[in-house]
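Step one of this worksheet: look at the structure below.
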There are 2 protein chains.
Amino acid sequence: MTAVSGEMADEQGVTDGRKLRGQRRRTQIIEATLAVVRRDGAAGVTHRTVAKEAGITTSLTLYYFATLDDLLVAALTSVTDAYTRRIRELIDADADPVSGLADLIAESAGSGRERALAERELSTLAARRPALRPTARRWRENVADLARTQTSSREAADAFVALSDGLCAAILLDDDPKPDPHHISAILRAALG
Amino acid sequence: MTAVSGEMADEQGVTDGRKLRGQRRRTQIIEATLAVVRRDGAAGVTHRTVAKEAGITTSLTLYYFATLDDLLVAALTSVTDAYTRRIRELIDADADPVSGLADLIAESAGSGRERALAERELSTLAARRPALRPTARRWRENVADLARTQTSSREAADAFVALSDGLCAAILLDDDPKPDPHHISAILRAALG
DNA sequence: GTACTAATTGTACGATCGTACAACTAAGGC
DNA sequence: GCCTTAGTTGTACGATCGTACAATTAGTAC
C-alpha cells in the first residue's frame, strides 16, 4: 500500500525489481528536495516544488513521503550521511584532518556555499522539529569525532565543534569570497590547546 | 500615503499626534512579529498571522510594512537593538563581561530559548536575503566588541564570536535543560588566550 | 494466465497565501 | 470651518498550499 518509511531494503537481497526501482525513485526525490533547499531554502520545500524539480507528479512524492517532515528528515539524513563520509575520510587519511576540515569550512564561501546553506537551514529547523534533532546532533558528532583524534579534553572538543559551526556561519554572512584556510585552521588548532 | 519606511521620526519633535500613534502601532506590529517568530519560527511569519497576533487587520500590517521582507528586517533590527543594549551593559558594567555573556548563552536552554531560536532563525535567513545581512552582521559585531575589550588579537576575537555562536547552536540542539555557565565561560576564556 | 502488489497518475477540496484597492474615520494645519 | 494627511477597514483576486482518493499501469509470483 504505502511505501516503506524506514530503510530495511538494503538488508538481504531485494529480488523484486519494482522495489528496487522504488528505492531509486526515493533517492531521486531526496536529491530533488536537496536541490530545492539549496536554491530556495528549506522554506521552499513543498510537495509540488520537489515534484517539479524531480520531473514527476506531486502524488508520487506523497506516495514515498507522506508528510513534509518525512521529506525533510530524509533530506537531512542524506546530507548528514554525506558529511559523515567526508569527515571519516579526513580522519582515516594520513594528512592532517584539521587542515582538511578548515578547507571544508573555507569552501562555504564559494562552490560549497549552497551546500553549507542547506545544511545550516536544516540544522536550524531541527531546533524546532523534534524529528530532525537526532540527525542534526549526529551531524555535529562527526566533528566531535574528528576533534577527539586530536585532543582528549572534553572542553577542547566542545570548543572545536562550536568553532567549526560558528566559523561557517560567519563565512555565510560575510562577503569575503575567499576566506583563508590557514586562518581557519589556526583558530581551530588554537582551540585544541 | 504610505507609512515612512525609515525611522527619521525620533529626530526633533514629532508634533503630529497621529504620527506618534503610528510609531506605536509600528512597534506593536514588530512585537507581534517577534512573538510569531518565537512561537512558530520565521516561516510562520505572514501578514495574516502577524495581524492576528497583534489583534489588528491584515491590511494594517500591510500599511506599515508593504512586504514581508520589510517586516522581517524590522523584526531582526529590533532584536539586534535589544541585543546591542544588553552587550553594552555587560561591557560598561564593572563585572566580568565574559561571565555575563556566558550567562546569556546558557539562558538559551531555558527561559531564553525562544528568543535565541528567533535570533538564530532570522540570522540564518539573512544568509539568503541580502536585506537582512547588514543587520545580522551588526548582531555578531556586538560580540566582537565585547571580545576586543579582552584581547587585542584579531584571531582570538574571531574565535570568540564564532564560539558564542556555535555554543548557542549546540545548546539549542541538546536536551540538557541547564548547561553550566562556568563551562561556557571557561571555553570562551580559553579562546582569549 | 491469473491474482497480487507496487508504482504512478489525475483530479479535487478547503485553507491560506501575498497583495491590491476603494472606502471610511479621525486627527492636524491654518 | 475646511482642506489635507494618517490611520484603518472590508473585500476580493489569483496562486499555492497539504492532503486525500479513486483509477490506472506495470511488474512479480505461482
Side-chain angles (χ1 to χ4, degrees), chain A residues 1-9 12-30 32-33 36 40-75 125 129 131, chain B residues 1-9 12-30 32-33 36 40-75 125 129 131:
Chain A
M1 204 67 73
T2 54
V4 283
S5 63
E7 41 296 343
M8 151 209 125
Q12 231 225 353
V14 173
T15 60
D16 196 332
R18 294 174 298 178
K19 287 191 179 176
L20 216 158
R21 213 172 36 141
Q23 281 180 249
R24 271 200 298 265
R25 192 63 102 181
R26 194 182 160 83
T27 72
Q28 178 199 359
I29 293 175
I30 293 177
T33 305
V36 171
D40 303 323
V45 172
T46 295
H47 287 304
R48 286 173 171 84
T49 55
V50 169
K52 175 173 290 185
E53 176 73 30
I56 58 180
T57 347
T58 303
S59 317
L60 197 48
T61 72
L62 243 134
Y63 175 71
Y64 285 96
F65 301 95
T67 154
L68 271 186
D69 258 39
D70 291 346
L71 202 48
L72 291 171
V73 168
L125 213 59
R129 307 217 193 185
Chain B
M1 206 63 76
T2 55
V4 283
S5 63
E7 43 297 341
M8 152 209 124
Q12 230 221 354
V14 173
T15 60
D16 195 332
R18 294 175 299 177
K19 288 191 178 176
L20 216 157
R21 214 174 32 142
Q23 283 180 248
R24 272 200 297 266
R25 194 61 104 181
R26 195 183 159 83
T27 71
Q28 178 199 359
I29 294 175
I30 292 176
T33 305
V36 172
D40 303 324
V45 173
T46 296
H47 286 304
R48 285 174 172 85
T49 57
V50 169
K52 174 172 290 187
E53 176 74 29
I56 58 180
T57 344
T58 304
S59 317
L60 197 48
T61 72
L62 244 134
Y63 174 72
Y64 285 97
F65 302 94
T67 154
L68 271 186
D69 257 41
D70 291 345
L71 201 49
L72 291 172
V73 168
L125 213 58
R129 307 217 194 184

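In what follows, every heavy atom counts, from backbone to side chain, and hydrogens, waters and symmetry copies are set aside. Throughout, a chain's letter reflects where its sequence line sits, starting with A, and its residues are numbered from 1.
With hydrogens and angles left out, the side chain of B:Arg18 and the base of C:dA27 share a donor-acceptor pair within 3.5 Å. At a cut-off of 3.5 angstrom, counting only N and O atoms as typed in the model, there is a donor on one side and an acceptor on the other between the side-chain of B:Arg48 and the base of C:dG18.
Of the residues listed (A:His47, A:Arg48, A:Glu53), the one engaging A:Thr61 in a side chain to side chain contact (heavy atoms under 4.5 Å, CB included) is A:His47, and it is the only one. For the side chain to side chain contact (heavy atoms under 4.5 Å, CB included) with B:Val50, the lone residue among B:Ile56, B:Thr33, B:Leu68, B:Leu62 that qualifies is B:Thr33.
Remark: B:Tyr64 is not in phosphate contact with D:dA6, judged by side-chain N or O atoms under 4.0 Å from OP1 or OP2. Remark: A:Tyr63 is in phosphate contact with C:dA7, judged by side-chain N or O atoms under 4.0 Å from OP1 or OP2. Residue B:Arg25 has no polar side-chain atom (N or O) positioned under 4.0 Å from OP1 or OP2 of D:dA6. Distances shown here put every side-chain N or O of A:His47 at or beyond 4.0 Å from the OP1 or OP2 atom of D:dC17.
If you check every strand for non-hydrogen atoms under 4.0 Å, B:Leu68 touches sugar and phosphate atoms only. If you check every strand for non-hydrogen atoms under 4.0 Å, A:Arg21 touches sugar and phosphate atoms only. Heavy atoms of A:Thr46 sit under 4.0 angstrom from primed sugar atoms or phosphate atoms, though from no base atom. Using a 4.0 Å heavy-atom cutoff across all strands shown, B:Thr49 reaches sugar-phosphate atoms only and no base atom.
Distance, B:Asp70 CG to C:dG18 P: 13 Å, rounded to whole Å. As a whole-Å value, the separation of A:Leu60 CG from C:dA6 P is 15 Å. Between the CG atom of B:Leu20 and the P atom of D:dT5 there is a distance of 20 Å, given to the nearest Å. In this structure, CZ of A:Arg24 is placed 13 Å from C1' of C:dA7, rounded to the nearest angstrom. One atom, NZ of B:Lys19, and another, P of D:dG7, lie 8 Å apart when rounded to the nearest Å. What separates NZ of B:Lys52 from P of C:dG18 is a distance of 13 Å, to the nearest Å. Between the P atom of D:dT8 and the CZ atom of B:Arg26 lies a distance of 13 Å, rounded to the nearest Å. Rounded to whole Å, atom C1' of C:dC17 lies 15 Å from atom CG of B:Asp69.
Nucleotides of DNA chain D nearest to B:Thr57 and A:Leu62 differ in position, and the one nearer the 5' end is that of B:Thr57. Between B:Ser59 and A:Ser59, the residue whose closest nucleotide on DNA chain C is further toward the 5' end is A:Ser59.
When side chains are defined from C-beta on, A:Ile29 counts as touching A:Leu71, because their heavy atoms get closer than 4.5 Å. Within the 4.5 Å cutoff, no side-chain heavy atoms of A:Thr57 are placed close to those of A:Tyr63.
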Evaluate B:Arg26 against B:Gln23 for side-chain hydrogen bond (donor to acceptor under 3.5 Å, both in side chains), listing each step before the verdict.
CA-CA 5 Å; B:Arg26 195 183 159 83; B:Gln23 283 180 248; over 6 Å; no
